[in-house]
**Student:** 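Sharing a structure, written as structure tokens. Questions coming.
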Amino acid sequence: MLLIPCPHCGPRNQEEFAYERTLDSVVRLNDAPELAIATLYARANPRGQEHEIWSHTCGQWLRLTRDRISHAIHSVEPL
Amino acid sequence: MHKGRAIVTEMTVGPVGELLALDLWNADDAATVASALGVALPGPGQAEGAVLRIGPRRWWLVGTNFDRAGLAAALNGTGVVSAVAGGWVHVQLSGVGWRDLIMQSGLIDAEDAGFGPGTVAVTPLSHARCVVHVRAATQCDVFVPASYADHCLSAWRAMGAKAVA
Amino acid sequence: MRDAAGSIPFTFDGKAYAGQPGDTLAAALIANGVRLVARSFKLHRPRGIMGAGVEEPSALVTVGEGARAEPNARATDVFLYPGLVARSQNAWPSLAFDVGAVNSLAAALIPAGFYYKTFFGPPSRWMLYERFIRRAAGLGKPPQAPDPDHYGHRSAFCDVLVVGAGPAGLAAALTAVDAGKRVILIEQDAAPGGSLLRERVTIDGEPGVVWAANVADRIRAGGGRVLLRTTVSGYWDDNFLTAVERRVEPGQPAEGDAQVLWRVRAGEVVLATGTIERPLVFANNDLPGVMMAGAARALALRHGVAPGRRAVIATSHDEAYRTAFALADLGVEIVAILDSRTQASGPLVEAARARFVVHAGARPLRAIRRGIGLAGVDALIDGAKRRLLADCLAMSGGASPVLHLHRQAGGALEYDAARGGFLPGAGRQRHVSIGAAAGEHDLSAILTLARVVDPLGPGSPPAPGPLWHDEAPGKAFVDFQNDVTTLDLALAQREGYVSVEHTKRYTTLGMGTDQGKTGAMVALAQIADLRGVPLPDAGLTTFRPPYTPVTMGAFAGPMKGDHAAPIRRLPLAAAHDALGALWVPAGAWMRPRAYLAPDETVAQASLREARMVRASVGVVDVSSLAKFEIAGPDAVDLVAAVCATPVAKLAIGRGRYTVMLREDGMVMDDGTLWRLAEDRWLITSSTGGAARMARHLTYVADVLLGHPRAAVVDVGEHWAGLALAGPQAAAVLSGLTGAEAPAHMGLGDAVIAGVPVRVLAASYSGERAFEVHVPGHLARAVFDALVGAARGLGGGVYGLDAMDHLRVEKGHVVIGAEADGRVTPADLGLGGVLRKTGGYVGWQALQRPALVGPVGRRHLVGLTSVDHTPIAEGAMLVMREGEPPLGHVTTAAPRVAQDGAIALGLLTDGATRHGQIMLAWSPTRRSTVPVRVGPPLFYDAQGARYRD
């Protein structure tokens, strides 16, 4: 049960958030088809810190940098 | 319902009546917009009068004192106003036990000294995404999604809260 | 000190006894002369009481009766209440004469892991073996009826959480409260004090127990929360801990919640969890009468109970000497103190030598059994074997700091060679260990601000006991609950299960309900010795929550029965009840399935309702559908990004069918799109996908488009939706609104029964239809008016099943059935609706080579039952029975407009197979139905019925 700081509401329990995806998995609307298709299937999957996209129950989308081994949250930014 | 350590709070339940959602494109415009509208637009987690801050760029205007058309005009391209009352049920919690009810049904720090009158929190209670507005030391409004109202009220009655209306 | 009679009646194995307030069940049993309380798990060896708290491995009993019975309760962790009923476990016909004890005789044949090497033969023979194995070993039996108790959940937040109300924890909590912090102090026992409850010390002039109670009061008075009978069960992320509070004892009925699961978020955590005493390892060290020295001391000092008449103390360090004094003061004869150290000194030892017989360099070799308990000890004294007669052997092989929560939190360990064990090292989260848990055993050092007076003087730090080397015949136990002996550890090593993880699983060491708390370090020392490596190199297994067993009800809390999952109710639920609706779960919602007339089956009712719609008019509740308003100058951009159909040219007041794709090009959802005003749009989409669509819309807006000037307003619950469908629908509508009905795919505002509504002219059924949107809290009047008017024209209400029958005839897809996440718009025959200019989510993926070629994709097809036999939903589509499937039936339905049975399906290259006869084959339902493949449309191909 992580404690995640929502940029709008402050620190809240993980239950209030939803993990969406990794930042490197985002397909942009104006990406060329080859890039978009490649993005569908390739992931960095680092053994360490990763940039992730989460949303909070208040509607705020956020970018989280989280260590995937220790779960420590390095930084949070509003999206 | 079981006795013993019942929560000392009463619930008064009813429809919301009128509820407008005000969305601004830029939260930084809040101060300017507030003067133009003649309505205070509070900061994160705050309420001022009948205006609740719900999200990064959204406020709720609760009640019948707001003219939707007039607001829309006064916004002048900085945002929009929408009607959302039908989707919510209003539950007024009275008595000293409302904090206890929130601590049993949710995971938010309602016992913190700072969680006092004028506080607004959007948080799950009994697994339904609710809006909590603290009115006074012994009074708290909870807006429950209409479809979850039966489930939440039944769960809160089982915790000992009494439904008086 | 003890009342001879006792005032609290209880029973054990049917016999009546009485105990005193404050007694544990274990203390009361011993006070009443009951020393045999259990039979061990595998070998059915007689067992008594070994410990004094939650770490007890042997004295497992079932407490309570019927549905409230709690098996495997530790007798040392149950506090007496009037009427307590306790029973022994795993013994038949009785505890004293247990047939299962034959397992002990065959013990040599059933060492650790024996079941991996026996019971060979065909799988069917296992069913025979299993029947006997089940009865041969085990612990308690679970109740057969649902748990009648209530359990609560509670959140709590604090600056400082202190785990353990022993002297260190009390002092820490008091300091924090005095510093103005929000403090929670949690303690497993029924009273604060920890080790003070089994010692005779004075602190600041008061007995330790009184001091502890006073400090707890001061903590409460300062605003701190003190939870007794509460065990911190798990230490999770970011200083989030779960704790289970017992509000009543096992088997005791409760007025409110029987237990409460606390979910605590702490700024800092102070672990004052104390130590668990280690046993000595020698033959028959599990006999009733052999117990931990600290437990014997607790019996004497806390409960005033003598654990026997003649006691031997066996130890490897000073602390156990205190037990000799405590027992002697109760009139127990101390036969001897056996100290395994060759040189023992210090004030405590000298005081003991003055009063008792103390042997240095001495240790027990074998406990002697007579009947079912201890009768004596064969000991090594002065280099020779001597027999001492005793009915109590209080042993101590050191003390292990309780590190479980520290380890769960990710904390490191440091090995302390002197104590032969681990101390808490660096923490990974914001926690610190203090007191005995941190290796500090001197009370004066722990309570630096208090004046501690210990009549016996401080002792030396706890040191480990000697290693067992097959010195006498008999079993020497390292894990008492799972019957794991030193022989089993040696066997595991010999057979190649060298690592501690393998040894654990092969021997079941530490896998009992006590998690091997008592014997863990002792077993580790044996393993290290067998392997010839230093102890810290032998490794440690993982510490996992829960720290002590937790009943399932506590995890469920209030989410049980009708509240097991939140149920969503329609705004018009009461109205449907009044009409006799048959409800069906649809995702999280309850929706009306059909409205049965007397003597009607569901199938008959839904066919009748569907025919009613085709013949005159019907009203169905579609409130659960997702609805979103997108408003603002950039709303069209957001709509165009999400909807894969043309949008920009949609005129104000008009709507169209639309489809939304996933990034990989698959159909994610579908619905309708309406332009309410220049800058305001309405999207409707499926009920089941509502939450997903809500997230998707804001994801596209905030993450992909970077906050366009477009608000996404979820009005799904704001608007109740009523679909009015049938040839008479327009008449019904006009009759109520007094105005002309909107044109097909048009919309307009109107008033029905005095309530402002919005009318959208769209058809799902294939008949002329209108979706009426009205704010949920005002919907009743509108519903009643619509239904009344419909009935007046020979129509009425219809439910989900009828709605499904109607849409199948028209080939409309349902998200989840036909659009199962693996089909593209082209697969569903919707390729033509896509926007050619792209720019919507999924547009790139549609160009994947696998999706561009026409061959091998499954297409949406219509299936007509050749002989009118109903088609089984989910059946495979094959040319001949037994062949690999070419597709499957997604939805089956009766024909509405005429007799017959039809279905929709997904069929490989289905578009090229129209006219073919295939089989809809379901071996599990023994159904094989010949079907003719055709286009997914069975009714009104021209679309004349629903247009103006």
Side-chain angles (χ1 to χ4, degrees), chain B residues 1-7 14-19 21-26 55-58 72 77-89 100 102-113 115 124 126-129 145-152 154-156 158-160, chain C residues 149-150 152-158 182 225 240 247 254-258 260 263 265 557-559 562-563 565-571 573 588-590 623-624 629-635 679-680 702 707-720 773-779:
Chain B
M1 182 177 89
H2 38 288
K3 312 152 286 204
R5 294 171 195 246
I7 300 175
V16 177
E18 293 294 331
L19 182 61
L22 169 66
D23 287 284
L24 293 188
W25 312 138
N26 198 330
R57 281 168 296 281
R58 171 168 293 177
T78 54
V80 291
V81 185
S82 314
V84 293
W88 299 90
V89 165
D100 199 12
I102 290 183
M103 300 309 282
Q104 286 201 32
S105 60
L107 266 175
I108 195 166
D109 195 358
E111 289 176 333
D112 183 71
F115 202 87
S126 296
H127 298 264
R129 180 178 165 270
S147 64
Y148 285 106
D150 270 6
H151 162 78
C152 289
S154 162
W156 298 346
M159 288 172 196
Chain C
D149 285 328
H150 295 286
H153 281 179
R154 201 161 187 313
S155 309
F157 295 76
C158 61
R182 291 169 85 187
R225 191 174 245 142
F240 185 79
R247 296 215 168 149
E255 269 208 340
D257 292 327
V260 174
R263 304 159 84 197
R265 180 80 68 183
M559 307 273 295
D562 287 340
H563 293 120
I567 295 201
R568 302 179 72 173
R569 298 207 185 275
L570 299 167
W589 293 89
M590 292 298 277
S623 300
S624 61
E629 281 185 26
I630 319 288
D634 298 333
D679 288 344
R680 191 174 284 263
D702 290 358
H707 299 290
R709 293 167 302 165
V712 176
V713 187
D714 188 338
V715 291
E717 295 215 43
H718 172 67
W719 296 114
H773 285 183
V774 51
H777 57 297
L778 304 173

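Naming: A, B, ... by sequence-line order, numbering from 1 per chain. Since the structure is predicted, the reported quantities are computational estimates derived from the model, not experimental observations.
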**Student:** Sort C:Ala710 into side chain, backbone, both or neither according to what part of it lies under 4.5 angstrom from a heavy atom of chain B.
**Tutor:** backbone

**Student:** Is it true that C:Arg265 and B:Asp109 make a salt bridge, defined as a side-chain N closer than 4.0 Å to a carboxylate O?
**Tutor:** no

**Student:** Are any of the side-chain heavy atoms of C:Arg569 and B:Asp150 separated by less than 4.5 Å?
**Tutor:** yes

**Student:** Could you check whether C:Glu629 and B:Ser82, counting side-chain N and O atoms only, form a donor-acceptor pair closer than 3.5 Å?
**Tutor:** no

**Student:** Taking side chain as C-beta onward, heavy atoms only, is C:Pro633 less than 4.5 Å from B:Trp25?
**Tutor:** yes

**Student:** Can you tell which part of B:Ile102 gets under 4.5 Å to a heavy atom of chain C, answering side chain, backbone, both or neither?
**Tutor:** neither

**Student:** Pick one of side chain, backbone, both or neither for C:Val713, based on which atoms fall under 4.5 Å of a heavy atom in chain B.
**Tutor:** both

**Student:** Any side-chain donor paired with an acceptor under 3.5 Å for B:Thr78 and C:Arg709?
**Tutor:** no

**Student:** Heavy-atom cut-off 4.5 Å, strictly under: side chain, backbone, both or neither for C:Arg182 against chain B?
**Tutor:** side chain

**Student:** So what's closer than 4.5 Å to chain C heavy atoms on B:Pro15: side chain, backbone, both or neither?
**Tutor:** side chain

**Student:** Side chain, backbone, both or neither: which part of C:Trp589 has an atom under 4.5 Å from a heavy atom of chain B?
**Tutor:** side chain

**Student:** Ignoring hydrogens, what is the shortest heavy-atom contact between C:Ala711 and B:Val80? Give both atom names and the distance.
**Tutor:** CB-CG2, 3.6 Å

**Student:** Does CG in C:Asp562 sit with more than 12 non-hydrogen atoms of other residues, nucleotides or ligands closer than 6.0 Å?
**Tutor:** no

**Student:** Less than 4.5 Å apart, any side-chain heavy atom of B:His127 and any of C:Met559?
**Tutor:** yes

**Student:** What closest approach, in Å, do B:Val81 and C:Arg680 show between heavy atoms, and which atom pair accounts for it?
**Tutor:** O-NH2, 2.7 Å

**Student:** So, C:His707 and B:Arg57: side-chain donor and acceptor under 3.5 Å apart, yes or no?
**Tutor:** yes

**Student:** Examine whether an atom of B:Val89 lies under 4.5 Å from a heavy atom of chain C, and if so say whether it belongs to the side chain, the backbone or both; otherwise answer neither.
**Tutor:** neither

**Student:** Closest approach of B:Ser154 and C:His563, non-hydrogen atoms and distance?
**Tutor:** OG-NE2, 2.6 Å

**Student:** C:Leu570 versus chain B, heavy atoms under 4.5 Å apart: side chain, backbone, both or neither?
**Tutor:** neither

**Student:** For residues B:Leu107 and C:Phe240, determine if any side-chain heavy atom of one lies less than 4.5 Å from a side-chain heavy atom of the other.
**Tutor:** yes

**Student:** With a 4.5 angstrom heavy-atom cut-off, could you sort out which part of B:Ala83 is near chain C: side chain, backbone, both or neither?
**Tutor:** both

**Student:** Taking C:His153 for the side chain and B:Gln104 for the main chain, is one N or O donor matched with an acceptor at less than 3.5 Å?
**Tutor:** no

**Student:** Mind listing the closest non-hydrogen atom pair of B:Ser126 and C:Pro566 along with its distance?
**Tutor:** O-CG, 4.4 Å

**Student:** Go through C:Phe157 and B:Met103 one step at a time and tell me if the side-chain contact (heavy atoms from CB on, under 4.5 Å) criterion holds.
**Tutor:** CA-CA 10 Å; C:Phe157 295 76; B:Met103 300 309 282; 3.9 Å; yes

**Student:** Does this structure show an ion pair linking B:Arg129 with C:Glu717, if we count only N-O contacts that are shorter than 4.0 Å?
**Tutor:** no

**Student:** Is C:Pro571 in contact with chain B via its backbone, its side chain, both, or neither, using a 4.5 Å heavy-atom distance?
**Tutor:** neither

**Student:** Check whether C:Asp702 gets within reach of chain B through its side chain, its backbone, both or neither, counting any heavy atom under 4.5 Å.
**Tutor:** side chain

**Student:** Got C:His150 and B:Met159 here, is their nearest side-chain heavy-atom distance under 4.5 Å?
**Tutor:** no

**Student:** Do the side chains of B:Val16 and C:His777 get nearer than 4.5 Å, heavy atoms only?
**Tutor:** no

**Student:** Where on B:Asp112 is there a heavy atom nearer than 4.5 Å to chain C: the side chain, the backbone, both, or neither?
**Tutor:** both

**Student:** Under 4.5 Å heavy-atom distance to chain C, tell me which part of B:Ser105 shows up: side chain, backbone, both or neither.
**Tutor:** neither

**Student:** Between chain B and each of C:Ala156, C:Gly152, C:Ser155, count heavy-atom pairs under 4.5 Å; write down the option with the most.
**Tutor:** C:Ser155

